[in-house]
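Worksheet for the structure shown next.
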Amino acid sequence: MTATVIDGKAVAQSIRAEIAEEVKKLKQDGIEPGLAVVLVGQDPASHSYVKGKVKACEEVGIYSEVLRLQETISQQELLQTIKQLNEKPNIHGILVQLPLPPHISEEAVLDVIPAEKDVDGFHPINVGNMVIGNDAYLPCTPHGIVELIKWTGTDLNGKHVVVIGRSNIVGKPVSLLLLQENATVTMCHSRTRNMAELTRQADILVVAVGKAHLIGREHVSPGAIVIDVGVNRMENGKLVGDVRFDEVAEVAGYITPVPGGVGPMTITMLLANTVKAARAQSRVGDEVKG
Ligand code: GUN
């Protein structure tokens, strides 16, 4: 194997230690950051993600609460529940775990979370601010990916990044964040022709499709950084990425494993956004002039 494995867990741990310090200081000022997570239905993957988020909050001293709601809840009732959370001053961040049951409009739900409590970075106001490069709550997985690439010491200026996948949660926003870092970004998706020809030109390849083992050695140029965002559960229960790890690690310069790559960074960025929200809503640092 030639590639250096990017240990997302270790990078996440070091950032979480800094966040824990920040939380400690905020608490000394009487501010306890608080996150509410709304979980609808019984999707096992969603339950597992939410468990991870709650545990991470505990580790850094962030207050969290989970609202577990029945799959059959009406859209109206869900919107009402979120509106009630919006009123709680001890809750600085609100996250509705996706996907939602088919009878509920994701758009309507994400719209009702106020932009200043939208620690997922999914509200159109945050998306718009991100697109134009203004301060915003950045979506957690894309932000975590940028941090992992920076961790390798790579200067993104002028680098050719190829992103595979165009979802609103990962592909589109990570492309924009990398563009903001002065990378040259190519986006590939299900209708892209001759994809391997494009991906072989990448200095950095970000794969966010959700298809186990889609990407192999033939897609990767020697020395490239490969970021695997896929989390696919095989029939034997094993989690695998979108990248054939063993063969790509023979040619890549850096590669993220699954699990233990991007996943821990996603949660870490959520913690960072929650602290940012608590600070913004408490106006720490503002002086009363008069
Ligand atoms: N489902 C998969 N990824 C995410 C995420 O980052 N946030 C939320 N809320 N739901 C998800």
Side-chain angles (χ1 to χ4, degrees), residues 8 12 15 34-57 62 64-69 71 73 78-79 81-82 85-86 91-102 104-115 117-127 130 136-148 163 165-177 206-211 227-233 239 241-242 256 258-259 261-274 276-277:
I15 300 174
L35 173 71
V37 180
V38 179
L39 177 56
V40 183
Q42 295 303 329
D43 178 52
S46 289
H47 274 256
S48 155
Y49 291 140
V50 167
K51 225 168 114 181
K53 289 170 185 180
V54 169
K55 186 164 167 266
C57 282
I62 292 176
S64 71
E65 57 187 49
V66 182
L67 276 82
R68 290 184 175 80
L69 305 171
E71 180 103 25
I73 190 169
L78 178 58
L79 295 182
T81 306
I82 296 169
L85 281 175
N86 291 348
I91 295 299
H92 305 100
I94 300 172
L95 177 159
V96 178
Q97 188 64 29
L98 303 176
L100 289 166
I104 296 176
S105 153
E106 217 169 88
E107 197 182 339
V109 168
L110 297 180
D111 242 23
V112 87
I113 301 171
K117 292 196 179 189
D118 168 38
V119 286
D120 250 337
F122 291 166
H123 192 283
I125 289 181
N126 281 317
V127 176
M130 177 193 66
Y137 290 102
L138 298 178
C140 302
T141 301
H143 191 191
I145 292 168
V146 174
E147 292 301 316
L148 277 185
V163 176
R166 53 174 159 174
S167 69
N168 288 335
I169 291 187
V170 184
K172 278 186 212 165
V174 81
S175 299
L176 285 160
L177 291 179
V206 178
V207 191
V209 178
K211 277 202 178 127
I227 307 289
D228 188 354
V229 193
V231 182
N232 309 289
R233 196 170 286 280
L239 284 183
D242 292 351
T256 59
V258 177
V262 173
M265 290 298 285
T266 296
I267 297 185
T268 304
M269 296 302 122
L270 172 68
L271 302 174
N273 276 349
T274 305
K276 177 177 163 137

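Bear in mind that the values here come from a model prediction, so they are computed numbers and not experimental data. In listed order, ligands and their atoms are each counted from 1.
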Just which atoms of ligand 1 are under 4.0 Å from any heavy atom in L95?
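Listed by number with element, the hits are 9 (N).
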
I'd like to check which ligand 1 atoms, numbered from 1 as shown, lie under 4.0 Å from a non-hydrogen atom of V96.
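In order of number, 8 (C), 9 (N).
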
If we ignore hydrogens and angles and just use 3.5 Å, is the side chain of H47 paired with the main-chain N or O of G41 as donor and acceptor?
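Pair found, side chain donor or acceptor close to backbone of G41.
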
Any sub-3.5 Å donor-acceptor pair from D228's side-chain atoms to D242's backbone N or O?
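Looks like yes, one N/O pair under 3.5 Å.
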
Specify side chain, backbone, both or neither for L270, according to which of its non-hydrogen atoms lie closer than 4.0 Å to ligand 1.
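None of L270 does.
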
Which option, D120, V109, L98, owns the non-hydrogen atom nearest atom 9 (N) of ligand 1?
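Looking at heavy atoms only, the winner is D120.
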
Protein heavy atom at shortest distance from atom 11 (C) of ligand 1:
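Of every protein heavy atom, Q97 NE2, 3.4 Å lies nearest to atom 11 (C) of ligand 1.
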
How would you list, by chain and number, every residue that makes a side chain to side chain donor-acceptor pair (under 3.5 Å) with S167, sequence neighbours excluded?
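None.
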
Residues forming a side chain to side chain donor-acceptor pair (under 3.5 Å) with D118, sequence neighbours excluded:
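Per chain and number, D118 pairs via side chain to side chain donor-acceptor pair (under 3.5 Å) with N126.
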
Between L69 and L78, is the side chain to side chain contact (heavy atoms under 4.5 Å, CB included) condition met? List the steps.
CA-CA 8 Å; L69 305 171; L78 178 58; 3.6 Å; yes

Does even one non-hydrogen atom of F122 get within less than 4.0 Å of ligand 1?
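The answer is yes, since F122 has a heavy atom less than 4.0 Å from ligand 1.
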
